[in-house]
*Asks:* 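I have a structure I would like to understand better, so I am pasting it below and will then ask my questions one at a time.
When a ligand or atom number is given, it counts from 1 through the structure's own listing order.
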Amino acid sequence: MATKNAAADAAAAMSRRAKGKKPMKEFKKYIVYGIGIFVTIAAVYLAATDGQGGGKKKSRDSYRSKATAQVNDRYFVSDVTSYSAGNFTAAASPFFKGWSYADVSYGLDGVAVRGEGMIGFAGALQRCQDEAEGLESGAVPPAYDLRVQKPGCEAGEVYDQQNCSSSYAIAAATALSSRFCFSDPEAYAGTRLSPQQIVSCDKKSQGCNGGGIDAVWSYIKRRGLFPESCVPFAGAAAAKCESSCDPAKKLQVIDHCLLGGEKKIKREIFNRGPVVAPVLLKDDFLVYKSGVYTPTDNANQQYGANGEPIIHAVTIMGWGRSEGTPYWLVKNSWGKEWGEDGYARMTIGTGVLREESVIVGYAATPEALEEQQKKKEAEEKRREELKKERAERDARIREREAQRAAEAAEKASQEEEDLDFEDEEEVDTDSQEQQEGDDP
Ligand SMILES: *[C@@H]1O[C@H](CO)[C@@H](O)[C@H](O)[C@H]1NC(C)=O
Ligand SMILES: *[C@@H]1O[C@H](CO)[C@@H](O)[C@H](O)[C@H]1NC(C)=O
C-alpha cells in the first residue's frame, strides 16, 4: 500500500510537473508585484526630487552654479559635453581644481570695459578710425592663426592667472607683446611684456581685483611695460611695484581705441596683430576643453560681488571655420591645461565674445611712431591750409558784400526812378477815376 501510495504521489507530482502551469503563474505574479512596487518607489522618488519626468537632468541642474558647487564637478562636466551635442567637449582643468562658484565670483570679478558709457567724449574711450589702409577695404583670409603666420609672436606660454582677477592686464600685455613682434618678427622675437607691472603699479586698476580692459592702456601709454623677466608674474602673491631693469627696456603704446564688427576686427588683426576682447563668462566655458565653444542652451551667466555679469578678458589671435561654424581663436589665462593648450575656439556672433567692444592698442613701433609723426605734420599742414582757405574765403565774402552793396545802391536809385514813373501813372488813374466819379 505504501509503495502504491508512493507511486501515486510520484505520478501526481509528474503530472503537475508536466502541466507546469501553476508554479509558473505564481512566479509571474511575483514579477508583476515586483515591478509594481519598483514603479511606485521610483515615482515617489522622482516626486521627492522634483523630477517632472526627466528626473536625472533636473536634479543635476538644480545645483549648477550654486555658490558651494564645484566648477570641476564630474556630473556637470559630463552634462556640458552632452548638452553641447558635439560642438565642444568639457573637462575638469587644474586651474579650477578646488574652485567653487563662490570662488569664481571672487577670483574673476571686477573686469570691465570702463569707458563704454562715454565713447567719443573728449578724454574718454574713442572709436578706432577707419583708415585708408584698410579697416573697411580689402579681403581677409578665411582662416588666420597668428602662431602659424608669425611664429614666435604669440607672446610666450599661456599664463595661469591663479586666484587673481588679472585677465585685463594679461590680455593687454599679450596683445601688445604680440603686436611688437608682428611689426618686426626679428627685432621683437619672443617679446613678452609684464602684466604683473600693471597689477602691481597701475593705481587706476584694482590689481588682483580687476581693472578696465580699455583703461589699462592709458597706464601703458603713460609708463610703458617692462619685459616679463623684469617684473615676473606673481598672481595671488602680492608683488611690489619695482624693477631693477633699465627703463629703456620698456615698450610703449601710442593709443588705444574701441573697435566693433567681425570684418573690422579681422582686418585689424591681419594688419597689425591681436586685439583684446571682453567675454561674458558662463559656467560651461569654465570647463571647455576642445572644439568650438557655443554656449549651451542652459548655460548660466556668472555674476560678481556687485551683481554685475562677470566679464573676462581674452586676446584674439586669429579666426577660422570648423564644419561650417566660424570661430575666433582666443588665448586665455587659465593655464595651458585648460582648453586647447590654453587657447579656445569660440563661435563668432553668439554674443558671448563681445565683438562690438574689442580694444585695439597701437604699439609704439618705430614705423608707427614715424607714421604718427607724419600724420601730425599732415594734420598741421591741413590746419594751415584750412586757415589760408578760410582767410581767402573771408576776403571773397567781403569783396562780394561790397559788390552787393554797390549793386543795391544802384538798384535803389533805379527803383526811385521807377517809383516816380508809377506815381505819375497812379495820379493819372486817380484823376481819371475822379473824373468818372465827378460825372453826374
Ligand atoms: C552648435 O553650434 C551651432 C553653431 O554655433 C549652433 O547653431 C547650435 O545651436 C549648437 N548646438 C548646441 C546644442 O548648442
Ligand atoms: C581666493 O582668495 C580669496 C580671498 O583670499 C579666498 O576667500 C578664496 O577662497 C580664494 N579662492 C581659491 C580658489 O583659493
*Asks:* Inspect the contact between R354 and E116 and indicate whether a charged nitrogen and a carboxylate oxygen are less than 4.0 angstrom apart.
*Replies:*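 Here E116 pairs with R354 in a salt bridge, since their nearest N and O are under 4.0 Å apart.
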*Asks:* Can you establish whether the number of heavy atoms outside D341 located under 6.0 Å from its atom CG is more than 12?
*Replies:*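 No, the 6.0 Å shell around CG holds no more than 12 heavy atoms from other groups.
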*Asks:* Purely on distance, is any nitrogen or oxygen of W99 under 3.5 Å from one on ligand 2?
*Replies:*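 Looking only at distances, the answer is no, because the N/O contact criterion of under 3.5 Å is not met.
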*Asks:* To the nearest 0.5 Å, tell me how far I316 CD1 sits from E268 CD.
*Replies:* 11.0 Å
*Asks:* Give the atom numbers and elements of ligand 1 that come within less than 4.0 Å of a heavy atom of T347.
*Replies:*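 Counting atoms of ligand 1 from 1, those under 4.0 Å from T347 are 5 (O).
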*Asks:* For atom 5 (O) of ligand 1, find the nearest protein heavy atom and state the residue, atom name and distance (0.1 Å precision).
*Replies:*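 Atom 5 (O) of ligand 1 sits closest to the protein heavy atom T294 OG1, 3.1 Å.
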*Asks:* By number and element, which atoms of ligand 1 are closer than 4.0 Å to a non-hydrogen atom of Y83?
*Replies:*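 Ligand 1 atoms under the 4.0 Å threshold to Y83: 13 (C).
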*Asks:* Can you report which non-hydrogen protein atom sits closest to atom 3 (C) of ligand 2, along with the distance?
*Replies:*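 Protein heavy atom with the smallest distance to atom 3 (C) of ligand 2: Y106 CE2, 3.5 Å.
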*Asks:* Regarding D284 and K282, does a basic nitrogen lie under 4.0 Å from an acidic carboxylate oxygen?
*Replies:*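 Salt bridge between D284 and K282, a charged N being under 4.0 Å from a carboxylate O: no.
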*Asks:* Is N163 close to ligand 2, meaning an N/O of one under 3.5 Å from an N/O of the other?
*Replies:*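 Yes, there is a polar N/O contact under 3.5 Å.
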*Asks:* Going by a strict under-4.0 Å cutoff (protein heavy atoms only), does atom 7 (O) of ligand 2 have a neighbour on the protein?
*Replies:*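 No.
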*Asks:* For atom 9 (O) of ligand 2, what is the closest protein heavy atom, and at what distance to 0.1 Å?
*Replies:*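 It is D103 OD1, 3.3 Å.
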*Asks:* Would you mind listing which atoms of ligand 1 come within a distance below 4.0 Å of any non-hydrogen atom of A85?
*Replies:*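 So the answer, numbered in order with elements, is 13 (C).
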*Asks:* Check the pair W319, E262 against side-chain hydrogen bond (donor to acceptor under 3.5 Å, both in side chains), reporting the backbone distance first and the verdict last.
*Replies:* CA-CA 10 Å; W319 62 87; E262 178 185 343; over 6 Å; no
*Asks:* Which heavy atom of the protein is the closest neighbour of atom 11 (N) of ligand 1, given with residue, atom name and distance?
*Replies:* N87 ND2, 2.9 Å
*Asks:* Using the rule given for salt bridge (Lys or Arg N to Asp or Glu O under 4.0 Å), can you reason through E385 versus R382, listing the C-alpha separation, both sets of side-chain angles and the distance that settles it, and then say yes or no?
*Replies:* CA-CA 5 Å; E385 274 170 10; R382 180 88 195 107; 3.4 Å; yes
*Asks:* Between the side chains of R404 and E401, is the shortest nitrogen-to-carboxylate-oxygen separation below 4.0 Å, so that they form an ion pair?
*Replies:* no
